[in-house]
Each structure stands twice: as structure tokens, then as C-alpha cells.
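Just below is one structure, and these are the notes that go with it.
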There are 2 protein chains.
Amino acid sequence: MSDSGATSLPGLATLADVGRDAVRGGYSRHLFDDADRTLREWFVERASRIGLDVERDRNGNLWAWWGAPGPDALVTGSHLDSVPGGGAFDGPLGVVSALDALERLIASGASPGRPVAVVVFAEEEGSRFGVACLGSRLLTGGIAPERALRLVDAEGHDLAEVLAGAGVDPAHVGRDEQALGRIGLFVELHVEQGRGLVDLGAPIGLAAGILAHGRWRLIVRGQGNHAGATPMGDRRDPMVVAGALIARVPELAAAHPGSRATVGRVTAVPGGTNVIASRVDVMLDARAEDDATTRALVAEIADCAAAAAAERGCTVELVEESWADRVEFAPSPRAELAAALGGPPVLATGAGHDAGVLAPLVPTAMLFVRNPTGVSHAPEEFASAEDCAAGVDALEAVLRSRLRGAA
Amino acid sequence: MSDSGATSLPGLATLADVGRDAVRGGYSRHLFDDADRTLREWFVERASRIGLDVERDRNGNLWAWWGAPGPDALVTGSHLDSVPGGGAFDGPLGVVSALDALERLIASGASPGRPVAVVVFAEEEGSRFGVACLGSRLLTGGIAPERALRLVDAEGHDLAEVLAGAGVDPAHVGRDEQALGRIGLFVELHVEQGRGLVDLGAPIGLAAGILAHGRWRLIVRGQGNHAGATPMGDRRDPMVVAGALIARVPELAAAHPGSRATVGRVTAVPGGTNVIASRVDVMLDARAEDDATTRALVAEIADCAAAAAAERGCTVELVEESWADRVEFAPSPRAELAAALGGPPVLATGAGHDAGVLAPLVPTAMLFVRNPTGVSHAPEEFASAEDCAAGVDALEAVLRSRLRGAA
């Protein structure tokens, strides 16, 4: 599907071979790896070609400006990084569509009237350093720079080291009042990560809100030992605790309608086939309609883990790795966008976005493009050429209406 | 405990800093990695220093000869590689003790009478290529060379490539009649991987037999998707299937007294925290008193996996990665060793050994040294200086008795 995905927009076709994952399928593009650097170079080149001036902010996010950077800017964009083995659309569709829409506006002889920018947020998926929306969280102060700089990737490199290696000074990372103060409106276009628009028969939709969500690490500790020589009754095996917990997560989540809880990754230490693990880390992603329900669900999962551990002579520690409050996109920019687009459907989503990080601080809205498979974070993620074109049209209409408004 | 372990014998102290695992604790020494190469160089140097001639066989195993290599040789030794994060004794204790015992024999002016060799078997733990006792299995024809050469490590390198890189010609790998034909008796000394000798209050014991055992990969396939945007009811999550299976493994094993079943490693594809996995590989180690019980246990575990998968819209595939029949060490060499050692206790073990691979083909026996923690394949593995010295004394006595016997 990645190949057909690439043909949905010419800009996506250009990126079709960057960061392909031969093992998982789809794409693996992570903060400042080779693929991410290539995508960033492509962005600078493509934006410059249509006359935009590109700058990198203090947190590694890219901004391509039409007109002088300044206050009350109309900002659109998304991210270029992916989950491991992700699809072709999640992130790049919003960046490619923004550049396409802006190119058309410029070609039509429109005058900016107010500053316009296309933004690329860094490490939106959190696939390298574990914290989603890292670039926008740093920009808004949603994560403390001291904490962020100590985040470590799978190879043991910390963020400070990786940023410095890419020429981003770790000493200047953190809340960026100047960059924030320039945003008059942020609109993020994104492929839908579910079947809402498919079921409604609509190519385009607007976001209502984002579920409260976060990531937790459940560290289960037991006693490492020999898999063959240790009788079943003498074991304190943290993997069995992890299994018992993972098996119960769906029913715990289902008890809170609309909630979601997922274990997508489990790491055993030492991780030998003929070795009873001494420690197993279970990575939990949990989301619900509101903050309190999400917290309650995670507490129930932690209680379940503690009980499973106690039964088997193990212990459990719960570590919160990231947290995002429930986001309600403000009715004001949404109503104006809805008017400009002829009243498309409005949907809630369980997926986190940079738009959700910015929403509490600046006027923010989100546009979704229909995904016929409903699948995301996997190679099957898709959007048709027609629907992608409708997305660019919608973004162009939104920009045009807001330029007029400012003129 | 590794530090105290290193002081148990001077030879182990020499190796105390080779291949330490800063992340897992203990040691990680895998076929032809830097640590394994260093250990091999140490073996060649140490063996040469006491007058032995070292040769590497067609399968990457090392042999240090006292007297000209030839038939009816008295062979002792073990392995130098470890599980990830393993202890200081599993493997090296047998090699160090063999060299110490032989050094004393030589220093005492004994004459070989019959050829004597110390052997180091390659990749006993199977930690790099997934098949335990790989060096002895290749030597005996217990694994087909074509299959072995295609085994792939975690970085995607196959065995053929790794052997060639170390100067072992992949074209000549496989059953080695010459090397096998020279073995008159093989005695492996090993730290005990359980509490048998502790409970009996004995420093030294002899092995009765080894449980039938093997390794299997259970591949669970589902549908990868977004962890936040996919409602719980729409999921086909292979991780939940894996959890349900892992949680039931202990009771399935416990239903066959004396059996053991362990999941020490789980790999999710793609392995993102905010991604429902599309595939999860569950690595299973299973062992039982006899071949039929082991096979029955694995079939029950596979049935349990299939039922858990069917319930959740997933599928399961069972792949056998390695297999070792139940081993009964022959009464003949054991009785003679028991006589030479004053009748130490005789114990069965659940741990596989190169001695178990050789036992069906050549006269073979095993000596165990008491492990006060009972723990193995973990940094807590231990043997006291007194017990290690008793092990060297026992090995020397065995060699001396068998040299007399041959003289």
C-alpha cells in the first residue's frame, strides 16, 4: 500500500523511497536519523523553490515563511517522522498538502497580507526518545528541557547529544516565546486514523477534540535464572506477570467506554531464550474521554499488575513517560473553517497531534482526510488521490479565507 | 557476585573484565564477538604456556592437546560463551578447571600415556544464533550445515558470514569424523544450575542425565494499527494473544511434573509504544523427563496459543528452532568416575550441555560443582573458592585414574 500511497500526491511520491523499513514494512523515520535528515533537506529545498524562507527554531522544528516572520501568522503543517514501520501519510500528508496549497496561493498572485508559515514539528511520534510531540512540547514548555535532554534512545544516546550532533544547541532548547507569539492560527491537516469519515462518506472532516492520553512503563522485577534447571515452583518470573497483565488490559479498558489501552512493546532483561528474565518492561499507551478516566484506567492496570506480581513473588513499578490532557479544539476557529469548507463533519480522535499540544495556547484547528482502510501506524494506512486533492483544496480554501480576513 | 566469582579460581579472575554487560549485569559473550575473541586468545595463550598445542577444528571449536592428537583421547572442557547477562561460571569454570588440572598433571611429571585434550565448544548457549550447543551439534552432525549456515543473528548477519569473518571456512563446516573418532572419553565439568548439591551438602556431583529440551518460536499475527484511534472492539492485537498464552504456560508445564516451560523473550513488530503490533514472536524453551512428554507439552502450549489467537482474530504459527533428545549418561564411565571420586552424589539436570550432544556418540560423563545460590544464567550464579578447588581436584583425579587405566 505504500507504493499506491506514494502516488496519491506528487509530493508523497518524491518521498516514497526515504526511510523504507525492509523488516517491518512501511517507513521508519526517526528524529535526526538518515531518513529524517533527508526529509528535512527535501523540505528546505521544496519550500525554497516556491519562495519560502526556511528557519530552524531552538527546538529543532522547521518553519518555512511566506512574507516576513511576525505576529498573527497563519501557520499550517505537521510532522515528517514516523512510528517504526508506519504508513506513508501520517505526518508527511500535512506537510506536503501545506506546501501544495501555499504554492497554489502564491502562483495565483495572492498577497500574504499576514505572515504565513509551514511548520515541521520534530519527533511527533516519540519513536526515538519515547515522548510523543517532543518538538511542540519543547516549544510550548510542555516538557522541561532538563528532563527532555536526558531522554535516551535505544542505542544509549541522549537527546542532548543527538541535538548537538544535528547542530541544535541543547543549551537553548525549551519554551520559545518568540515562536509561540507569532502564531495567530495553527491548522494541521492529517490523515484520519480511524473509520469516522469512511462511515460518514465524507472526504474531509474537522477535529472536535483529542482523548486524554499518555505513556507509562510498567517495570516488573523478578529473579533471573536458568530456564531448564529451575523447577516451575521455584520461579519468580516477571514475564509471566507481564503476560497475565497484558491479557487483562483489553477488559480493563473496555470497562470505560471509549477508552483505549495498548501494549505495543515488551522488553525482557536479559532477553535470552534459555533464561528466565530478571526484569520485564511493559510499555503502556492509555487514552480516554477525559483526564480522570485515563488516570483511573492506568491506576486499575497498575493495580492488576501489582496483584499479578505479588502472586508470583515479583514487584512492579509504574513510571509515567508522557501525559497529554484532553484537548477540546476551540469552537471559534473551527466554526470559521467549517463555513469556508461548506460544513464538513466534525469528529473526535484518539490520536495525539502537535495541534493538541498547541491548542491550549493558540487558536488551533485540525483537518482530517479520509482513510479507507481505517488503519494507521501501519503500512496499510491510505488516502486516495481524490481525497488527498480534496485535502489540499480545503487547506487552500482555509488559507485563502483567513488571508482575506486579515487583509 | 561476579567479582567474588572471579576470585574463586585464579583463571576466572583473569577473565573477570572480559565481556561485562553494563546494561544487564553479569557477562555477555557471544560467538566471535569481541569478548569471545578475547577469551579464545586467552585460551590459546594459557594452553600454550603449559605446553599444549592448540588447533581449531572445522566448526570453530578449539582443542588444546597434550601429546599428539590421536584416537582414544581423554577429552575435557566446556565452553566460554555466555547467555546475555550471564554468570561468571557457566562455561568458563569447566575450561579453567580443565587447564588447571592438566597443568598440575604435567607439573607432577605424569606422562600422557594416551592423548589428552582440553576442548572449548563454540556457541554453547546459542545466544547469537538461537541454536544451543551449535559447535558440538555441527561436530556431531546434530544440525545440518546448510541449515546452520543460514541462521541469522539479531543484526542480520548469517552464520556463514560470521564464520568466514573469523577465518572458519563455511564450506568445511559439518560432521567431523576425524575429531569425533579421536574422543575416547569426554568429561565436562560445569557449575550446577540448581540446588541439588546444596541440598545434599556435597561440593561435587556426577550427572545422571539431561531432560529432553528444545526451543520454539510461536509467531502470532494480527493487524497493526494506531493505539489511540482504534476502538478496543475493532482490534486484532497479537500482543494480547501472547500475554494470554504466556500467563498460562506455567500451569501447562506444572501439569507434567518435572517439566519446565519458559518464555524469556518476546519481540513485537513494529514495536512502537503507540502502535498495536502486527506480529509478536514468543520464544519458548520447554523441557521434560522424556521426549514424548516434552513434545506433548509443546503441543498443548501451541493449542492454547491457537485458541487464544482464534478468540482474538489472530493466527499462530509454531516453528521448532532446536531440539535435543533426553540424554542418559552411560553407567560405565560414570561408575569408574564415581569410584575415583569416592562416590559423590548423582543428579539429573534440566540444563543442556555439549556433553549431552556427545553422549549418544562417545563415552561421556559430567561433573557438577556446587552453586550455593542455585541461580544460573544470571549474575547471581556462584561457586566458592573451596568448591572450585574441589572441582579441579576431582577433574585431576579423574584424568589421573584414566591415564593409569590407559597406561
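Every chain is numbered from 1 and lettered A, B, ... according to where its sequence line falls, protein lines coming before strand lines. Everything quoted here is computed from the prediction, not taken from an experiment.
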*Can you tell which of B/Gly85, B/Pro84, B/Ala268, B/Gly224 has the highest number of heavy-atom pairs within less than 4.5 Å of chain A?*
B/Pro84
Flag the one option from [options] with the top tally of heavy-atom pairs under 4.5 Å to chain B.
options                                : result
A/Arg279, A/Glu321, A/Arg287, A/Arg312 : A/Arg287
A/Asp234, A/Asp90, A/Thr230, A/Leu211  : A/Thr230
A/Gly194, A/Gly272, A/Ala378, A/Ser127 : A/Gly272

Please look at [X] and chain B and tell me whether the side chain, the backbone, both or neither of the residue comes under 4.5 angstrom of a heavy atom of that chain.
X        : value
A/Val240 : both
A/Val269 : side chain
A/Ser278 : neither
A/Ala247 : both
A/Ala242 : neither
A/Ser28  : neither
A/Arg235 : side chain

Between [X] and [Y] (side chain of the first, backbone of the second, donor and acceptor by atom type, cut-off under 3.5 Å), is there such a pair?
X        : Y        : value
B/Arg24  : A/Pro270 : yes
A/His377 : B/Asn274 : yes
B/Arg260 : A/Gly228 : yes

_Trace of the side chain to side chain contact (heavy atoms under 4.5 Å, CB included) decision for B/Glu380 with A/Gln223_ = CA-CA 10 Å; B/Glu380 293 85 352; A/Gln223 173 61 58; 3.6 Å; yes
*Give a yes-or-no answer on whether the side chains of B/Arg217 and A/Thr273 include a donor-acceptor pair shorter than 3.5 Å.*
no
*When rounded to the nearest 0.5 angstrom, what distance separates OG1 in A/Thr373 from CG in B/Asn225?*
7.5 Å
